[in-house]
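This is a predicted model, so every value here is computed, not measured.
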Amino acid sequence: MSQRKYWLWITRIPGIGYKKLKILLNTFKTPYTLYYAKSEAIALCMQHPVFDKKDLKNLLDARDLKSLIAYEKRLEALNIQYVTIKDEGYPTQLFSLFDPPFVLYYRGKLIEHPLSIGMVGSRNCTAYGRKVAEYYAEQLATNKVNIISGMARGIDSYSHIGALKGNGFTSAILGSGINVCYPKENESLMTNIEKHGCVISEYGLDVVPRPGLFPMRNRLISALSDGILLVEAREKSGSLITVDFALEYGKDIFAIPGDVLGGTNRGSNNIVRMGGKPVFSVEDILEEYSIFSTNKHTIIDEIEKTLEEKEKIVYSCISLAPVFIDEIARQIEMSMNELQFILTKLEIKGAVIQLPNKYYIRDHPRGNKVNAVISEGI
């Protein structure tokens with residue numbers, strides 16, 4: 001009978017966390033040995049001051065082989081796999097952590113990639129942040145980069161969606177149980193990530209999200225990534241926790257510079273000020289790893305093929321940063337009425353998006369996979 005299941009048992013004992021498990025394993029070596037150890041031997045080990053009086057009872061009460069087997073069968077029924085710290089398929093990047101998870105649960109394909117970039121940012125992102133996250137994730141994904149994020153609202157979600165647009169691989173690290181989708185509206189996104197990437201959690205079935213679990217999730221994002229791209233973040237954004245972990249682990253830090261007058265991207269601007277590499281194109285990231293983009297300008301070329309001459313002129317004045325209609329008018333010799341007419345045509349063609357107060361940013365046509373994603377409710 002396989003001993004792997006005893007790793008599931010040891011990580012689910014109430015009240016016994018990582019520090020206590022380390023002490024137990026230093027003594028008993030394996031979860032299997034601990035499971036069948038005599039209570040007197042366990043009590044002796046638990047004389048260490050880190051343990052509480054109730055820990056011995058909790059451990060002994062948790063020794064229920066029938067329940068453990070049922071738990072493993074439930075994982076199998078839900079198509080959830082797991083890898084232990086002693087298994088060959090355990091991600092080697094996690095061994096650098098002070099507290100590598102003893103068990104990782106996952107759906108999809110848990111594989112190591114030549115290059116993985118973690119993308120993080122604000123939950124309450126702007127339209128600019130959303131488009132930038134989608135765009136860079138798509139461009140990186142088309143260059144065979146694994147996009148890692150936390151499937152939270154905002155930048156995380158749009159990073160995953162962008163990677164799917166690029167027909168690439170994306171990994172979602174959860175701050176909840178492996179079968180718990182948070183936020184709830186991301187169920188369709190989670191399903192698509194399982195099909196085209198991997199959903200990962202160090203927490204087992206039915207663990208509800210709690211504030212303390214998200215920093216733990218963020219350390220995994222940083223550890224599994226070669227570099228972190230901060231897309232849009234306020235000065236005290238929670239996504240800066242991921243950056244802090246990445247700095248501690250010696251990872252590369254990239255940031256998208258933003259509005260210097262508003263506060264929506266002050267966190268990213270501060271990262272640039274402190275030495276993070278500012279990113280103005282996907283090549284700014286790829287060149288750090290001696291990779292050269294295989295699709296430079298392909299999206300722009302694809303759009304421009306569909307445009308008439310005057311539409312191309314207007315389109316050239318618009319970027320992923322919001323631009324006011326008066327600024328567009330100043331750059332070209334065109335009446336305001338004609339400009340508004342052409343902007344409407346560009347919106348219909350899916351080339352630009354109108355934001356509130358007559359600001360415009362670029363959009364780009366969506367591929368078949370993305371249409372499928374949207375039709376499923378993302």
Under the salt bridge (Lys or Arg N to Asp or Glu O under 4.0 Å) test against E202, which residue among R217, R12, R219 passes?
R219

For K345, the side-chain hydrogen bond (donor to acceptor under 3.5 Å, both in side chains) test, sequence neighbours excluded, returns E308, E311

Taking all heavy atoms of [X] and all of [Y], pick out the closest pair and write down the distance.
{"X": "L56", "Y": "S39", "answer": "CD1-O, 4.2 Å"}
{"X": "S222", "Y": "I228", "answer": "CA-CD1, 4.1 Å"}
{"X": "C45", "Y": "F28", "answer": "CB-CE1, 4.0 Å"}
{"X": "A255", "Y": "V272", "answer": "CB-CG2, 3.7 Å"}
{"X": "N58", "Y": "P14", "answer": "ND2-O, 3.3 Å"}

Side-chain donor-acceptor pair present, [X], [Y], cut-off under 3.5 Å:
{"X": "E232", "Y": "T126", "answer": "yes"}
{"X": "N167", "Y": "T142", "answer": "no"}
{"X": "Y6", "Y": "Y36", "answer": "yes"}
{"X": "T30", "Y": "Q3", "answer": "no"}
{"X": "N179", "Y": "Y105", "answer": "no"}

Decide side-chain contact (heavy atoms from CB on, under 4.5 Å) for H113 and D226; before the verdict, give the C-alpha distance in whole Å, the side-chain angles of both, and the deciding distance to 0.1 Å.
CA-CA 10 Å; H113 297 263; D226 296 287; over 6 Å; no

Show your reasoning for whether side-chain contact (heavy atoms from CB on, under 4.5 Å) applies to C198 and F169.
CA-CA 8 Å; C198 194; F169 195 97; 4.1 Å; yes

If you define the side chain from C-beta out and look only at heavy atoms, does anything of [X] sit under 4.5 Å from [Y]?
{"X": "L230", "Y": "S239", "result": "yes"}
{"X": "N146", "Y": "L140", "result": "no"}
{"X": "I173", "Y": "S149", "result": "no"}
{"X": "V207", "Y": "S176", "result": "no"}
{"X": "E288", "Y": "F254", "result": "yes"}
{"X": "L115", "Y": "K144", "result": "no"}
{"X": "Y35", "Y": "L65", "result": "yes"}
{"X": "I80", "Y": "L205", "result": "yes"}

In sequence, state the C-alpha distance, the side-chain angles, and the governing distance for C317 and I332, and then conclude on side-chain contact (heavy atoms from CB on, under 4.5 Å).
CA-CA 9 Å; C317 299; I332 55 179; 3.8 Å; yes

What pairs with S335 under side chain to side chain contact (heavy atoms under 4.5 Å, CB included), at least two apart in sequence or on another chain?
N337, E338

When clusters are formed by joining ILVMFWY residues with side-chain heavy atoms under 4.5 Å apart, either directly or through shared neighbours, do [X] and [Y] land in the same one?
{"X": "I178", "Y": "L68", "value": "yes"}
{"X": "V180", "Y": "I193", "value": "no"}
{"X": "V199", "Y": "L78", "value": "yes"}
{"X": "L25", "Y": "L104", "value": "yes"}

Hey, does the side chain of [X] reach the backbone of [Y] with a donor-acceptor pair shorter than 3.5 angstrom?
{"X": "N143", "Y": "Q139", "value": "yes"}
{"X": "N218", "Y": "I241", "value": "no"}
{"X": "K310", "Y": "I342", "value": "no"}
{"X": "K20", "Y": "G15", "value": "yes"}
{"X": "D64", "Y": "S67", "value": "yes"}
{"X": "Y203", "Y": "L174", "value": "no"}
{"X": "W9", "Y": "A62", "value": "yes"}
{"X": "S225", "Y": "I221", "value": "yes"}
{"X": "Y136", "Y": "S281", "value": "yes"}
{"X": "H160", "Y": "M151", "value": "yes"}

To the nearest 0.5 Å, what is the distance between [atom1] on [X] and [atom2] on [Y]?
{"X": "L343", "Y": "M334", "atom1": "CG", "atom2": "CE", "value": "9.0 Å"}
{"X": "L24", "Y": "K22", "atom1": "CG", "atom2": "NZ", "value": "12.0 Å"}
{"X": "N186", "Y": "K184", "atom1": "CG", "atom2": "NZ", "value": "11.5 Å"}
{"X": "I328", "Y": "I313", "atom1": "CD1", "atom2": "CD1", "value": "13.0 Å"}
{"X": "Q81", "Y": "I200", "atom1": "CD", "atom2": "CD1", "value": "11.5 Å"}
{"X": "L94", "Y": "I85", "atom1": "CG", "atom2": "CD1", "value": "8.5 Å"}

Are [X] and [Y] close enough for a salt bridge, meaning some N to O gap below 4.0 Å?
{"X": "E327", "Y": "R330", "result": "yes"}
{"X": "K19", "Y": "D99", "result": "no"}
{"X": "R123", "Y": "D156", "result": "no"}
{"X": "K277", "Y": "D252", "result": "no"}
{"X": "E194", "Y": "R107", "result": "yes"}
{"X": "D87", "Y": "R4", "result": "yes"}
{"X": "R74", "Y": "D206", "result": "yes"}
{"X": "E185", "Y": "R153", "result": "yes"}

Give me each pair satisfying ring-ring contact (aromatic ring centres under 6.0 Å, His included) with a member in residues 59-99, each pair once, sequence neighbours excluded.
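Pairs touching residues 59-99 that pass the test: Y90-F95.
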
CA sep, side-chain torsions, deciding dist, call: Y360, F324, ring pair (Phe, Tyr, Trp, His ring centres under 6.0 Å):
CA-CA 6 Å; Y360 292 83; F324 187 45; 9.1 Å; no

Might you confirm whether atom [atom1] of [X] has over 12 heavy atoms from other residues, nucleotides or ligands at distances under 6.0 Å?
{"X": "F341", "atom1": "CZ", "value": "no"}
{"X": "N79", "atom1": "CG", "value": "no"}
{"X": "D244", "atom1": "CG", "value": "yes"}

Determine, step by step, whether V323 and Y359 satisfy the side-chain contact (heavy atoms from CB on, under 4.5 Å) criterion, reporting the C-alpha distance in whole Å, the side-chain angles of both residues, the deciding distance to 0.1 Å, and the verdict.
CA-CA 5 Å; V323 58; Y359 280 86; 5.7 Å; no

Parallel, tilted or perpendicular: ring planes of F51 versus H48, cut at 30 and 60 degrees
perpendicular

